[in-house]
Amino acid sequence: MTDHVLTLNAGSSSVKFALYPAARPEGAPRLSGIADGLGSRARLRVQGAGGAVLADGVLAGQGGAGASHDDALRATLGLLGEHAPDVRVAAVGHRIVHGGVEFDHPVAIDDAVLARLAALETLAPLHQPHNLEGVRAARHAFPGVPQVACFDTAFHRAQPELNQRFALPRALHDEGVRRYGFHGISYESICAQLAARGLLAGRVVAAHLGHGASICAIRDGRSVATTMSFSPLDGLPMGTRCGRLDAAVVLYLLQQRGMAPERIARLLYRESGLLGLSGITGEMRELAASTEPAAREAVDYYVEHACRELAAMCAALDGID
């Protein structure tokens with residue numbers, strides 16, 4: 001048996017994993033894979049060392065429903081035993097979206113940490129519950145094995161205080177109503193790759209473009225500003241999230257349309273963005289291939305607002321190198 005490190009990223013619409021030899025964690029993974037399209041047309045793909053495809057097919061849910069995060073986690077953990085029977089998982093690293101103000105660096109997960117992270121679920125309802133499902137599943141599958149949380153918000157705690165505030169009363173900021181920023185693990189990876197090429201010094205704008213999307217202004221490897229703020233809802237339009245929105249729209253939906261907060265949350269998180277604009281899908285690849293005028297409009301809207309946010313990040317850096 002050889003010791004390996006398992007990394008697990010249970011995101012808003014996918015579960016990704018990779019298995020690295022503990023003696024050489026910076027190298028290529030022994031296994032890696034992704035289950036995406038969860039909740040609708042889910043698919044599971046797994047690759048071995050060298051990129052050999054070990055599995056690629058539809059991931060079915062229980063009772064004929066679309067596969068859930070729970071289904072994906074079970075399938076992922078099952079594949080480890082099937083394709084790497086000689087492996088002993090010595091540690092598990094988890095991507096956790098929200099660390100609040102408290103968690104600004106990776107931490108070992110115990111019951112107390114798990115409880116504090118669960119208290120942040122209302123700040124990232126599409127992600128945090130799934131992240132913590134992954135933690136609980138791994139703790140059950142590998143009892144006694146160290147579990148470590150790495151936070152998407154931690155990278156942005158280096159921002160100037162000015163860029164972590166809203167123009168709201170100071171008491172609300174002190175209570176936690178502030179700009180947190182997300183996708184920090186992705187930006188840390190980008191910084192590491194730029195540094196390896198001698199390109200990190202100076203002013204850099206980086207973009208994380210997926211089902212969730214953001215742009216970050218980085219100076220000498222440190223976050224200066226980013227498009228997401230209090231939640232992963234802000235900034236760029238995304239697959240099903242609205243992105244930047246006049247707060248009065250929410251007041252209108254509450255006061256004039258009589259919509260319940262839960263209904264508004266579903267609208268803004270799950271029914272807007274590219275899906276809402278097109279009325280077809282939130283998947284960019286499908287929209288780009290479509291001949292429907294509404295699909296073209298959704299893509300054009302995405303590009304227009306990505307350019308606006310890119311310009312804003314350049315302004316935050318007083319230029320770009």
Side-chain angles (χ1 to χ4, degrees), residues 7-17 34-40 42 66-73 76 92-104 106-107 109 113-139 147-157 176-189 208-216 226-245 262 264-275 282-283:
T7 61
L8 198 57
N9 175 1
S12 59
S13 62
S14 66
V15 171
K16 303 172 187 174
F17 77 92
I34 178 173
D36 58 8
L38 299 179
S40 57
S68 67
H69 284 74
D70 212 35
D71 296 321
L73 287 165
T76 295
V92 184
H94 297 270
R95 177 250 188 153
I96 306 295
V97 162
H98 217 304
V101 177
E102 176 183 3
F103 296 107
D104 60 1
V107 297
I109 301 172
V113 167
L114 194 56
R116 296 205 294 277
L117 296 178
L120 297 171
E121 287 185 359
T122 55
L123 299 183
L126 276 189
H127 301 81
Q128 197 86 346
H130 299 313
N131 296 163
L132 301 187
E133 278 183 43
V135 172
R136 296 184 185 103
R139 291 179 92 192
Q147 314 268 333
V148 176
C150 301
F151 301 98
D152 261 353
T153 49
F155 181 68
H156 304 295
R157 297 284 62 77
V177 182
R178 58 192 295 154
R179 298 179 186 273
Y180 291 100
F182 298 90
H183 292 149
I185 297 172
S186 176
Y187 292 127
E188 287 187 44
S189 174
H208 175 107
L209 304 179
H211 197 74
S214 69
I215 301 178
C216 185
T226 190
T227 56
M228 283 181 171
S229 60
F230 178 68
S231 76
L233 191 64
D234 199 10
L236 296 173
M238 299 170 237
T240 62
R241 285 171 258 167
C242 61
R244 194 172 306 284
L245 182 72
E262 295 79 10
I264 295 174
R266 189 164 73 251
L267 170 71
L268 300 183
Y269 277 101
R270 300 184 183 278
E271 300 173 0
S272 298
L274 294 173
L275 173 61
E283 296 296 330

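Along the sequence shown, residues are numbered consecutively beginning with 1.
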| said: I need the minimum non-hydrogen distance between Glu271 and Leu275, along with the two atoms involved. | reply: CA-CD2, 4.2 Å

| message | Using 0.5 Å steps for rounding, measure from the OG1 atom of Thr153 to the NE2 atom of His183. | response | 12.0 Å

| query | For His94 and Gly134, which heavy atoms make the closest approach, and how far apart are they? | reply | CE1-O, 3.4 Å

| task | Answer whether the closest heavy-atom distance between the side chains of Cys216 and His208 falls below 4.5 Å. | result | no

| field | Straight-line distance of Arg244 CZ to Ser229 OG, nearest 0.5 Å | value | 7.0 Å

| note | So CG of Leu245 and CG of Asp234: to nearest 0.5 Å the spacing works out to 9.0 Å

| request: Mind listing the closest non-hydrogen atom pair of Ile109 and Val148 along with its distance? | output: CD1-C, 3.9 Å

| query | Where do Leu132 and Arg136 land on the side-chain contact (heavy atoms from CB on, under 4.5 Å) test, with the steps shown first? | reply | CA-CA 6 Å; Leu132 301 187; Arg136 296 184 185 103; 3.6 Å; yes

| query | Would you find more than 12 non-hydrogen atoms of other residues, nucleotides or ligands less than 6.0 Å from Arg270 atom CZ? | reply | no

| request: For Arg139 and Gln147, indicate whether the former's side chain and the latter's backbone hold a donor-acceptor pair under 3.5 Å. | output: no

| remark: Separation between CG (Leu123) and CZ (Arg178), nearest 0.5 Å, reads 11.5 Å

| request: Quick one: sort the Tyr180 and Phe230 rings into parallel, tilted or perpendicular, breaks at 30° and 60°. | output: tilted

| field | Minimal non-hydrogen separation, Cys150 against Ile185, with atom names | value | O-CD1, 3.3 Å

| query | Any idea which heavy atoms bring Pro237 and Ala213 closest together, and the distance? | reply | O-CB, 4.5 Å

| Where the side chain of Asn9 meets the backbone of Arg95, is there a donor-acceptor pair that is under 3.5 Å apart? | no

| request: Output, in order, the C-alpha distance, side-chain angles, deciding distance and verdict of side-chain contact (heavy atoms from CB on, under 4.5 Å) for Phe103 and Leu117. | output: CA-CA 9 Å; Phe103 296 107; Leu117 296 178; 3.7 Å; yes

| query | Under 3.5 Å, side chain of Ser272 to main-chain N/O of Leu267, donor-acceptor pair present? | reply | yes

| task | Give a yes or no answer on whether the side chain of Thr227 reaches the backbone of Ile215 with a donor-acceptor pair at less than 3.5 Å. | result | yes

| field | Intermediate values then yes/no, side-chain contact (heavy atoms from CB on, under 4.5 Å), His211 and Asp36 | value | CA-CA 10 Å; His211 197 74; Asp36 58 8; over 6 Å; no

| Under the 3.5 angstrom rule, does the side chain of Thr7 hit a backbone N or O of Gly93 as a donor-acceptor pair? | no

| said: I'd like to know whether Leu233 forms a side-chain contact (heavy atoms from CB on, under 4.5 Å) with Leu126, so could you lay out the CA-CA distance, the side-chain angles of the two residues, the decisive distance to 0.1 Å, and finally the verdict. | reply: CA-CA 10 Å; Leu233 191 64; Leu126 276 189; over 6 Å; no

| Residue pair Met228 / Ser214: nearest heavy atoms and the distance that separates them | CG-CB, 3.9 Å

| query | Out of curiosity, Thr76 OG1 to Ile34 CD1, how far, rounded to the nearest 0.5 Å? | reply | 10.0 Å

| message | Check whether Gln128 reaches the backbone of His98 with its side chain - one donor and one acceptor, N or O, closer than 3.5 Å. | response | yes

| query | Under 6.0 Å between the ring centres of His156 and Phe182? | reply | no

| query | Ignoring hydrogens and geometry, is there a side-chain-to-backbone donor-acceptor pair from Asp104 to Ala154 under 3.5 Å? | reply | no

| What distance do Phe151 atom CZ and Ile96 atom CD1 have between them, rounded to the nearest 0.5 Å? | 6.5 Å

